[in-house]
2 protein chains.
Amino acid sequence: MADQTTAGSIRARVRAEMIDEIKTVARRHIAQEGAALSLRAVARELGMVSSALYRYFPSRDELLTALIIDAYDSMGEAAEAADAAIPDRTDVLARWVAVAHALRDWAVAQPHLYGLIYGSPVPGYAAPEDTIGPATRPVVVLGAIMADAKAAGRLDLETGAAPAIPAALRVEIDRVAEAVTMDVPAAVAARGLIGWTELFGAISFELFGRFNDTIDERRDWFDHQVRVMGAFVGLRG
Amino acid sequence: MADQTTAGSIRARVRAEMIDEIKTVARRHIAQEGAALSLRAVARELGMVSSALYRYFPSRDELLTALIIDAYDSMGEAAEAADAAIPDRTDVLARWVAVAHALRDWAVAQPHLYGLIYGSPVPGYAAPEDTIGPATRPVVVLGAIMADAKAAGRLDLETGAAPAIPAALRVEIDRVAEAVTMDVPAAVAARGLIGWTELFGAISFELFGRFNDTIDERRDWFDHQVRVMGAFVGLRG
DNA sequence: GCCGTGTCAAGAGCAGTGCTCTCGAATGTG
DNA sequence: CACATTCGAGAGCACTGCTCTTGACACGGC
């Protein structure tokens with residue numbers, strides 16, 4: 001029994017190392033060539049034949065999915081770390097700015113991975129269930145900041161001029177707010193969602209070349225956006 | 001001379017029709033399968049052999065480029081038409097909302113084409129010069145609305161609490177504002193760029209599946225965003 | 001210690017891709 | 001009418017993801 005476990009775990013460990021190695025090489029290939037990942041090229045670099053890879057990943061899409069999940073997790077970790085690095089937990093604006101920059105820095109450092117998860121869906125590839133969990137990590141961080149802001153009395157709850165929200169939509173927004181334990185009026189939660197949308201819209205615009213020959217001061221521009229949107233969502237420094 | 005012109009134009013016309021037919025089929029294939037466009041499949045459907053297509057497009061990328069340019073133009077036209085359909089030119093908020101919905105409607109109607117132009121760049125494909133002109137049409141429409149708003153005294157120019165803008169960035173923002181003949185302070189122009197970013201961020205989020213299992217009232221949610229952002233950029237209804 | 005079992009890599013092969021080149025046929029031009 | 005240009009077809013190259021079969025290896029139970 002113990003032997004079996006040991007032996008089994010040895011095998012499993014070797015296997016896990018192989019999987020890691022494949023993912024590492026695949027990640028580097030994606031970093032260089034984008035989403036056009038070639039199994040054969042990965043296998044070549046690993047000194048083995050393409051069919052051998054199928055022992056570890058049942059298809060190219062499964063390998064892509066594994067990389068996507070890792071990417072989501074890595075990005076989420078970056079956001080969480082940046083948030084945790086702000087000592088004054090009530091300085092919600094500083095936390096917002098730090099998390100936003102962490103997300104952008106992560107994306108700029110590995111643009112192709114970002115494109116994989118926030119770009120147009122890969123043809124013939126449907127994101128499986130496993131990805132939705134990790135995918136929510138960044139938005140959870142942003143939601144937590146707003147929740148903390150409200151708790152610290154540093155969230156602007158004024159929504160006087162906001163357009164009305166239809167009932168069915170209000171329910172859905174409330175559900176999202178509840179998911180990130182953000183107990184605020186729907187119009188305020190909506191502002192948070194808008195801030196989230198603008199944030200990733202800005203990163204996508206920059207990475208997908210929308211600012212080519214237009215705005216070169218990318219970091220300054222992003223910083224400005226982030227601070228404006230931080231105020232917009234109601235965070236008070 | 002007249003004959004030559006006629007004959008030449010006959011040939012040219014046949015050729016142009018062939019090019020149109022190829023693009024139409026290719027567009028339909030993209031609508032069904034996404035960016036993974038197969039020249040051979042297009043040729044098959046046209047009843048000819050793949051190599052024959054190279055008489056009309058020097059490469060697959062050139063065909064994609066042609067489709068991208070058409071898509072930009074089509075989207076820009078949709079935006080311009082929606083703007084022009086608002087009789088009261090000084091009702092800048094209504095124009096903003098109309099244009100935004102037109103852009104989203106266009107994207108929702110042909111999501112794969114939208115992904116082609118606003119999604120992650122296709123691997124190994126670099127957007128050529130020809131695309132930057134048509135690509136600016138939607139933003140020009142939005143800029144014109146802000147410019148008209150200012151002229152009509154319906155643009156909020158208050159920027160008291162806005163974060164400072166570094167000098168180099170201010171120059172670039174001013175240049176963008178100038179390009180859409182929008183003579184406003186940089187902080188106001190920046191708000192416009194942020195609104196533009198949020199607008200396309202919202203469309204991308206919806207089309208790229210970010211709202212799956214979260215927000216189903218897509219049109220209502222978009223409408224709310226658009227109205228909030230219209231007020232944010234300073235448009236007064 | 002041997003023998004069955006399960007795991008693994010390799011190779012051949014299929015159907016598909018973009019792209020190039022050559023060759024014959026058609027077609028409009030002088 | 002004869003010429004030149006244009007066009008479609010076909011073969012072929014190098015590549016892709018994926019499947020199936022084959023042979024080697026190591027591990028675990030008797």
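All of these numbers come straight from a predicted model, not from anything done at the bench. We use all heavy atoms of the structure for the numbers below, so side chains are in, but hydrogens, waters and symmetry mates are not.
- Y72(B) meets the ring-ring contact (aromatic ring centres under 6.0 Å, His included) test with no other residue; sequence neighbours excluded.
- If you take CE of M48(B) and C1' of dC7(D), they are 10 Å apart, rounded to a whole angstrom.
- In this structure, CZ of F57(B) is placed 13 Å from P of dG8(D), rounded to the nearest angstrom.
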Which pairs would a plain distance check flag for residues 15-23 of chain B, meaning a side-chain donor or acceptor within less than 3.5 Å of a matching protein atom at least two apart in sequence or in another chain?
from: R15(B); atom 1: NH1; to: R55(B); atom 2: O; distance (Å): 3.4
from: R15(B); atom 1: NH2; to: R55(B); atom 2: O; distance (Å): 2.8
from: K23(B); atom 1: NZ; to: D70(B); atom 2: OD2; distance (Å): 3.0

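- In this structure, CZ of R15(A) is placed 13 Å from C1' of dA9(C), rounded to the nearest angstrom.
- Taking atom CG on L46(A) and atom P on dA10(C), their separation rounds to 10 Å, with Å as the unit.
- Every residue two or more places apart in sequence or in another chain that forms a ring-ring contact (aromatic ring centres under 6.0 Å, His included) with H101(A) is listed here: F222(A).
- The side-chain hydrogen bond (donor to acceptor under 3.5 Å, both in side chains) check on N212(B) picks up nothing, with sequence neighbours excluded.
- If you measure from atom CG of L53(A) to atom P of dC18(D), you get 11 Å, rounded to the nearest angstrom.
- Non-hydrogen atoms lying under 4.0 Å from DNA chain D are contributed by nothing in residues 18-27 of chain A.
- Residues D223(B) and R219(B) are not paired through a salt bridge, judged by the lack of any N-O separation under 4.0 Å between the basic side chain and the carboxylate.
- Looking at heavy atoms from C-beta onward, W221(B) lies out of side-chain contact with D216(B) at the 4.5 angstrom threshold.
- Remark: R137(A) engages D73(A), E80(A) in a side-chain hydrogen bond (donor to acceptor under 3.5 Å, both in side chains) (not counting sequence neighbours).
- Partners of E217(B) under the side-chain hydrogen bond (donor to acceptor under 3.5 Å, both in side chains) rule, at least two apart in sequence or in another chain, do not exist in this structure.
- Scanning for side-chain hydrogen bond (donor to acceptor under 3.5 Å, both in side chains) contacts around D83(A) gives R89(A), R95(A), with sequence neighbours left out.
- The listed nucleotides are dA9(D), dA9(C), dG8(D); the one nearest the side chain of Y56(A) is dA9(C).
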Quiz item: Quick one: what's the B/S/- string for nucleotides 13-22 of chain C, heavy-atom cutoff under 4.0 Å, read 5' to 3'?
Solution: B---BBBBB-
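- Partners of F208(A) under the ring-ring contact (aromatic ring centres under 6.0 Å, His included) rule, at least two apart in sequence or in another chain, do not exist in this structure.
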Give every pair of a protein N or O atom and an N or O atom of nucleotides 24-27 of chain C that lie under 3.5 Å apart, one pair per line with the distance.
none

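- When rounded to the nearest whole Å, the span between CD of E17(A) and P of dC8(C) equals 13 Å.
- Under the side-chain contact (heavy atoms from CB on, under 4.5 Å) criterion, A107(B) pairs with Y114(B), I203(B), L207(B), not counting sequence neighbours.
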